[in-house]
*Asks:* 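Below is a structure I'd like to ask you about.
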Amino acid sequence: MSIDLQAEHVGKQYGGQLAVKDLSFTVERGSFFSILGPSGCGKTTLLRMIAGFLTPDTGQIQIGEKAMNGVPPNRRPVNMVFQHLALFPMMSVGENVGYGLARRGLPRAEIAKRVGAMLERVSLPGMQDKRVDQLSGGQRQRVAIARSLVLEPTLLLLDEPLGALDLKLREHMKIELKQLQADFGTTFVYITHDQSEALVLSDHVAVMNAGSFEQLGTPQQLYYEPQTPFVAGFVGANNRLKGRAISEQEGLLAFTTEQGLTMHARTMGRIDHGQAIEAFVRPEAVSLARHAAELPAGYPSHAGQVQSLLFDGANSAALLRESSTRTEFRIALPQTGRFADLRIGETVAFSFDPQHAVCFAATGTSANAS
Ligand SMILES: Nc1ncnc2c1ncn2[C@@H]1O[C@H](COP(=O)(O)OP(=O)(O)O)[C@@H](O)[C@H]1O
Ligand SMILES: [Mg+2]
């Protein structure tokens with residue numbers, strides 16, 4: 001396994017404020033690596049240090065196993081794609097894609113050949129002579145990526161490249177980006193604040209918060225095995241419950257929520273009796289039924305009143321309040337249409353497997369469910 005990017009103790013501050021704190025990580029050759037975090041957490045600062053536009057205060061960066069200390073951006077085997085793509089509006093598509101090759105002094109015939117082949121691969125065959133302003137938003141983004149990939153960088157750095165596109169196009173470009181990366185085999189380092197983009201696209205994701213990585217893992221690990229309250233709150237949707245620990249048995253913690261509801265969840269890390277906790281229950285981990293007897297056997301069941309129905313096709317959910325304590329829960333509705341006639345105010349039963357809920361000692365810094 002080769003490593004295309006290695007960061008060791010990389011840190012950066014602006015006027016005494018740490019923007020990136022002592023980060024160490026590696027990115028494998030040919031992988032799609034994302035850095036996911038809220039606005040202001042230091043993603044762009046980190047990417048600019050990798051690209052060479054900013055110098056780290058501490059630590060060092062290696063690309064393709066070469067130390068990059070003092071290497072200027074144009075000497076690094078790296079290209080960058082931005083949210084507001086900087087295509088040259090006065091140049092044709094072909095001139096845009098061939099720009100870097102021309103600067104490298106390649107012969108015109110060779111440039112034309114490579115540009116033609118690249119446009120085919122990004123599904124813009126024969127578009128060399130089009131003007132940039134004749135293209136749609138998605139086509140422009142493909143030109144921007146083609147312009148970078150034609151230079152065969154070791155790393156392609158992408159800074160929220162889909163952020164300026166509308167939702168439908170973003171969904172489409174997600175799939176296209178993933179296919180392009182698989183097709184070219186170029187190592188991608190992708191930054192985004194959108195957890196769905198990170199989950200869909202990546203082999204590995206680092207969840208970043210306030211300049212540090214909270215967790216680095218596969219999308220499945222982040223979703224099923226969040227290691228911190230921040231990750232549990234930021235990746236996927238989650239019901240977040242605050243409460244106090246009562247007792248622990250075989251890795252399951254009994255706790256009481258602030259509203260007085262007793263529940264169980266898998267213990268993550270050490271939690272002492274009486275300690276403040278935060279528990280997370282995914283909407284899609286909760287079962288819903290008209291009557292408690294219809295719920296899967298073996299888990300504590302609760303009654304709740306439907307407060308609102310959020311119909312959104314396959315992502316539909318109901319907001320309930322648990323009957324005795326008024327604790328609010330978001331519960332995913334099954335796609336079978338079994339609850340298509342659910343009404344606001346109706347009383348239903350719900351339960352979840354405590355193994356599918358997680359519980360942490362409270363830190364007070366977790367992200368809100370998104
Ligand atoms: N040139 C700068 N000078 C001072 N502070 C900056 C500068 N660039 C970014 N920051 C600050 O550093 C932090 C991280 O910013 P940034 O890396 O842009 O985050 P992100 O890309 O995750 O939104 C923020 O608090 C931001 O305000
Ligand atoms: Mg940014």
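On a predicted model such as this, the values are computed, not experimentally measured, just so you know. Atoms within each ligand, like the ligands themselves, are counted from 1 in listed order.
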*Asks:* I'd like to know whether Glu8 forms a side chain to side chain contact (heavy atoms under 4.5 Å, CB included) with Gln62, so could you lay out the CA-CA distance, the side-chain angles of the two residues, the decisive distance to 0.1 Å, and finally the verdict.
*Replies:* CA-CA 8 Å; Glu8 284 179 310; Gln62 289 186 35; 4.2 Å; yes

*Asks:* Think Arg282 forms a cation-pi with Phe352, using NZ or CZ under 6.0 Å from the six-ring centre and within 45 degrees of its axis?
*Replies:* no

*Asks:* Out of His172, Arg140, Glu171, Met173, which one pairs with Leu165 under the side-chain contact (heavy atoms from CB on, under 4.5 Å) rule?
*Replies:* Met173

*Asks:* Counting only heavy atoms and a distance below 4.0 Å, can you name the residues contacting ligand 1?
*Replies:* Tyr14, Ala19, Pro38, Ser39, Gly40, Cys41, Gly42, Lys43, Thr44, Thr45

*Asks:* So, Thr44 and the Mg ion (ligand 2): N/O/S under 2.8 Å, yes or no?
*Replies:* yes

*Asks:* Is NZ or CZ of Arg121 both nearer than 6.0 Å to the six-membered ring centre of Phe184 and within 45° of the ring axis?
*Replies:* yes

*Asks:* For Ile331, which of Val348, Asn239, Val286 qualifies under side-chain contact (heavy atoms from CB on, under 4.5 Å)?
*Replies:* Val286

*Asks:* To check you understand the geometry: which heavy-atom pair defines the closest contact between Arg290 and Phe339, and what is its length?
*Replies:* NH1-CD2, 4.0 Å

